[in-house]
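Note on naming: letters A, B, ... go to the chains in the order of the sequence lines (proteins, then strands), and numbering restarts at 1 for each one.
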Amino acid sequence: MTQSTIESARNTSISRAPRVAELTPAVDIYENDKELLVVADLPRVTPGSLKLEVNHPDMKIEGRAVASDTQPEYLYTRTFHLDSSVDVGKIEAKLSEGVLQVHLPKREPFQVRRIEVKTA
Amino acid sequence: MLTRQRNTNELQRFAPFSLVDWDSPWATFGSLRQDLDRLFGAYERSIADPYSNGEGASEIRDTGNELVLAVDLPGVSKKDVELSISGDNLFVRASRTATAPEGYTTHRRERASFKFEHAWRLPVQVDAQKVEAKLAEGVLTVTLPKSPNAQPKQITVEAG
């Protein structure tokens with residue numbers, strides 16, 4: 001083994017990124033006439049460390065819980081499969097108190113319309 | 001000490017077709033299994049709960065002049081946190097109730113209600129009057145300034 005091979009082998013082991021613990025966040029899914037609502041627990045995740053990606057038909061939540069002196073870094077990930085009823089362009093998300101709420105509006109034809117029945 | 005409550009009576013319903021959860025495609029089988037367990041009077045739920053509310057993880061840091069406590073409490077609002085100090089004991093009590101938003105039907109319910117209660121014995125004296133607490137990003141952070149005689153001091157070693 002040449003010197004350079006040894007060197008590169010050593011570099012690989014040193015530079016290997018520390019393994020990040022992956023967690024599956026607890027999720028609630030709700031639905032009403034107009035939309036689906038996904039709620040996820042993401043403590044220690046900030047708006048800046050949260051990624052919400054829609055790559056049709058997948059929607060991926062990826063939140064990095066920032067490490068501190070004694071707490072390891074966590075990665076909360078979860079992927080959902082969206083069908084055509086979701087209006088992808090109108091998805092809205094908000095993060096507060098460590099809880100993420102993703103509103104997924106349904107496209108017009110899939111929204112429930114209640115029709116009032118009139119008496120003759 | 002951690003108490004978790006989960007409403008096991010509520011049957012986990014099938015996810016809507018528009019939201020298939022790829023990370024737990026067997027969830028529906030899990031609920032089928034629960035039904036069977038109940039049917040045969042099985043006491044234990046042997047499938048461990050794989051989802052994380054992430055609550056209760058905590059740490060105390062010593063920054064030199066102060067102690068900093070951080071506890072993960074997702075979805076807990078300010079009014080549901082109780083914090084008290086007596087002597088060198090620090091108590092934190094917090095809870096949240098998982099409720100479905102009004103007007104929505106529930107397809108999946110993993111986020112459990114919880115009660116968190118913990119006491120810490122502080123390693124140094126703190127100035128209880130100057131303790132500050134804040135709740136952000138689902139994390140309760142308590143800053144406890146050390147009392148003057150517990151502050152670090154630099155002692156110069158003089159040559160004899």
Side-chain angles (χ1 to χ4, degrees), chain A residues 21-50 57-61 63 65-72 74 76-86 95-104 106-107 110 112, chain B residues 4 6 12-25 27 49-63 68-78 80-81 96 98-114 135-141:
Chain A
E22 280 198 24
L23 292 175
T24 305
V27 161
D28 290 349
I29 300 172
Y30 303 104
E31 181 178 0
N32 69 8
D33 296 350
K34 301 265 182 282
E35 64 170 19
L36 289 152
L37 173 62
V38 175
V39 187
D41 281 334
L42 301 170
R44 219 177 274 272
V45 173
T46 61
S49 68
L50 176 67
D58 290 336
M59 177 178 81
K60 189 177 188 184
I61 298 173
V66 189
S68 66
D69 296 353
T70 56
Q71 294 267 53
Y74 295 121
Y76 286 104
T77 60
R78 197 133 182 195
T79 305
F80 301 89
H81 186 86
L82 309 177
D83 79 0
S84 52
S85 71
V86 174
L95 184 66
S96 86
E97 291 175 347
V99 178
L100 172 72
Q101 295 207 337
V102 188
H103 296 267
L104 305 130
K106 297 179 200 173
R107 292 197 295 124
F110 295 91
V112 177
Chain B
R4 293 183 63 180
R6 190 176 276 270
Q12 196 177 46
R13 278 188 268 168
F14 288 90
F17 290 117
S18 47
L19 273 171
V20 178
D21 182 354
W22 289 124
D23 287 322
S24 55
D49 181 9
Y51 305 116
S52 170
N53 286 302
E55 93 275 19
S58 71
E59 61 163 359
I60 289 196
R61 253 179 0 244
D62 188 333
T63 65
V68 180
L69 166 76
V71 190
D72 289 3
L73 298 169
V76 172
S77 46
K78 220 169 74 176
D80 295 320
V81 179
R96 84 166 184 203
T99 45
E102 212 158 310
Y104 287 83
T105 49
T106 305
H107 289 293
R108 181 177 284 266
R109 191 77 175 274
E110 294 165 3
R111 300 175 59 249
S113 296
F114 62 75
L135 194 59
E137 269 103 39
V139 183
L140 172 72
T141 308

Q: Could you look at B/A100 and say if it's the side chain, the backbone, both or neither that has a heavy atom under 4.5 Å from chain A?
A: both

Q. Nearest 0.5 Å, what's the NZ-CG distance between A/K106 and A/N32?
A. 6.5 Å

Q: May I ask you to check whether over 12 heavy atoms, not counting those of A/K34, lie within 6.0 Å of atom NZ?
A: yes

Q | Listed partners of B/E137 passing side chain to side chain contact (heavy atoms under 4.5 Å, CB included), at least two apart | A | A/T46, A/P47

Q) Closest heavy-atom contact between A/R44 and B/D72? A) NH2-OD1, 2.6 Å

**Q.** Top contributor to chain B interface from A/V39, A/V45, A/L95 [non-hydrogen pairs under 4.5 Å]
**A.** A/V39

**Q.** Largest heavy-atom contact set with chain A, pairs under 4.5 Å, which of B/A98, B/G103, B/P101
**A.** B/P101

